[in-house]
Peer 1: 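Next up is a structure, given as structure tokens.
All values derive from a computational prediction rather than experimental measurement. Note that ligands are numbered from 1 as they come in the structure, with each ligand's atoms numbered from 1 the same way. Below, all heavy atoms of this structure are taken into account, side chains as well, without hydrogens, waters or symmetry copies.
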Amino acid sequence: MNACVISVRGVVQGVGFRPFVFRLAQEHTLAGWVLNAGEGVQIHLEGAESSLATFVHDLEDAPPPAAVITAIDITPAAPVGIHDFTIRESRPSEAPTARIAADLPVCDDCLRELFDPGDRRYHYPYINCTNCGPRYSVVLRLPYDRPNTTMNKWPLDAYCAAGYGDPANRRFHAQPVACPNCGPGYSLHTEAGRVDGSDASISRAAELLCAGRIVAVKGLGGYHLACDALNAPAVSRLRERKYRKEKPFALMVSDIARAREVVELTPASERLLTSPARPVVLARARHELPGVAPDNDELGVMLPYTPLHHLLFDAGAPDVLVMTSANRSSEPMAYEDEDANARLTGIADAFLVGARPIARRVDDSVVREGAHGPVVLRRARGYTPAVVATLPIERPVLAVGADLKNAITLVVGGQAVVSQHIGDLEHYDAMRAFDETIRDLTSMYRIRWDDVLIVHDAHPGYLSTAKSRELPAPELLAVQHHRAHVASVLAERAALNTRVIGVSFDGTGYGDDGTIWGGEFFAGSVSAGFDRVAHLRPAALVGGDAAARHPAQAAAGFLVQVEGLPDLTAAPFHFPARYRQTLDLAAGGVRTFTTSSMGRLFDAAAALLGFTRAITFEGQAAMWLEQLARRASSADRYPFPFADAELDFRPLLHAVASDRRRGRREDEIARGFHGAVARAVCDAASTLCQQHQVDVVVLSGGVFQNQLLSTDVESLLSARGLGVWANHVVPPNDGGISLGQAALAVFV
Ligand code: ZN
Ligand code: FE
């Protein structure tokens, strides 16, 4: 007889781990017990040595689908001579560091039951088990037990209670378990009245969608607005009502086969699409779907992830649906029933509403497969609140991120948890969500404020900065925006001491000197700090934020320094009249700021190539330029010299303008522009690598969401034998800033 204690860490609570261990122990005729401990799951085992060994092998080999094992420690123990295996009650722990699991898509076993007429939960839109279903979107507080979830007002009936209490059952301690007899259901609400009963309301919703209507659908982490994606008038009606002119809509397709018909999927993108996070995956469209993603060759596609979505398709809903966050314009998605009703009346023709409350807004995540692994563009449902990095600090750190695409990071016991995407803090609802998320995470992890280190952006005017001053923490620290971008990559890779050249390109961020940065090169490491060693040649930014909305206005700030330009208000440029006034302001220095923003340089190039109207969503002009460049089959080499620690944009913009004037194809010029930026980054970075004797280049910032640019830069730098590191876990845009802030704070 032998005995041992196994502790398993990672995402192992709330994912069916204990029943899995129970079954495994029975299979191997081992005695002992399993329990949830503060740090993970602890197993005591007794039995034959060979059985113990195969048990450990099977444990590592085939854990429950939603579990993520990060460490297994095995220590020998003294046998106590027990003869059965039990699941013991959890040990109450002082400060929970166990991870809350992210929300999971409905599993295959539940799907089978969902469509089995003989099953108790046949067609039940809230079917779930320990391997699937809601977690983060229903938990109100820790520990993760039913009274602490939004299912607390539905007592289990005898049938559900039996499964919940049986260690051999797939629903053993599945906190949100329910059935049509004891749990919540769906209903449909229209002006004409309401339809009760899940089946009837889902069928009616499917009919309405087929008829071209817009239906607000309550899902896992919020409401969606759905309509038939192949019905162009329906799509344009949705755009009109939602005040969303051009920003792409996400799609939900009935299954993977349909997804393959809608977009071109590589094996890697298929893996992302079917991964437990079930994110929206961006991929090249096979055909244009009018109105869904104007001026864009890509579509964002996701698969059904709740039982409700499967029921909706099964009830005959169109098999390609627009499934966009339910909001007006760019406000955060609605997730509370009353608020949804108030905000979406006049947009949705009907509301398909489930009675289970949503504990917090969790948007769909957005990812794409890049040349060197996944790129997360929006990190939310399915990913949060996982631990993304380990940092060498014991005291709690709260990093509040930036004002755009806000997400926060909480470090507890050295484990960095990044929150879901919160949004742009200028919106009242996003600001509220920001407050709630801070309250949420700090109370879940029982953080004591008297010890918290708060980290915020160095921008004195940021709302997140102002808010962090109101929090009851003893210490505040400001971290410069672009250094945080670079640090986010190194935190992901647990490479805090690695010396690198960091390239940080984005639209805007507050610099050390009070000007607006965004085309920055740094040398150093997270632990020793980063020195700014080069940057884009400064330009004028006329009218501040307005320049970010008007590419022609952004262009003026750069072009005022370029000599020998044609008249850009004339053909073929057709810059709007305001361009000339802006030039005058820039020349006179009136209402202008100084910027080294690479994002604005891309806007300037877009304007020169025809994007002269105002943008209707952030990053639109740069996305347009990238799409244009992708259509080119050849391109010239344009100059973009690097000298005296500065990238000089003047010859580049001059070449772009002259080629356009000469009637050169716009797509080829756009491609040439991208190539020039990529070569310039490579020249600058490799020169700096030599100077500072390092061999790794880090790329971060919103500009690197541009796949054409990222791919070019990565292959050029790799060809020179340099390591190239980019974000794969948190977004390269400002959604990743808080992780970098937290990492830098550790060493201050
Ligand atoms: Zn399930
Ligand atoms: Fe940024």
Peer 1: Does the cation-pi check pass for R381 over Y305, that is, NZ or CZ under 6.0 Å from the six-membered ring centre and within 45° of its axis?
Peer 2: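 Yes - R381 lies over the ring of Y305, closer than 6.0 Å to its centre and within 45° of its axis.
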Peer 1: Whether the Q705 and N733 side chains hold a donor-acceptor pair (N or O, under 3.5 Å, no angle test) is what I'd like checked.
Peer 2: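 Indeed, the side chains of Q705 and N733 share at least one donor-acceptor pair under 3.5 Å.
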Peer 1: Is H482 close enough that one of its N/O/S atoms sits under 2.8 Å from the Fe ion (ligand 2)?
Peer 2: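 So H482 does not bind the Fe ion (ligand 2) by this criterion.
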Peer 1: Of all N, O or S atoms in D734, identify the one at the shortest distance from the Fe ion (ligand 2).
Peer 2: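 It is OD1, the N, O or S atom of D734 closest to the Fe ion (ligand 2).
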Peer 1: With rounding to 10 degrees, what does the angle D506:OD2 / the Fe ion (ligand 2) / H485:NE2 come to?
Peer 2: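 With the Fe ion (ligand 2) as the vertex, the angle is close to 100°.
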Peer 1: With a distance cut-off below 6.0 Å to the six-membered ring centre and an angular limit of 45° from the axis, does R600 pair with F558 as a cation-pi contact?
Peer 2: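 No cation-pi geometry.
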Peer 1: Are the side chains of W517 and Q480 in touch, meaning some heavy atoms are under 4.5 Å apart?
Peer 2: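 W517 vs Q480: side chains touch.
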Peer 1: Is P184 close to W154 at the side-chain level, that is, under 4.5 Å between some pair of heavy atoms?
Peer 2: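 Sidechains of P184 and W154: in contact.
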Peer 1: If the Zn ion (ligand 1) is the vertex, what is the angle to SG of C110 and SG of C107, rounded to 10 degrees?
Peer 2: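 Value, to the nearest 10 degrees: 110°.
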Peer 1: Suppose we only allow N, O or S atoms; which atom of H481 ends up nearest to the Fe ion (ligand 2)?
Peer 2: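 The atom in question is NE2.
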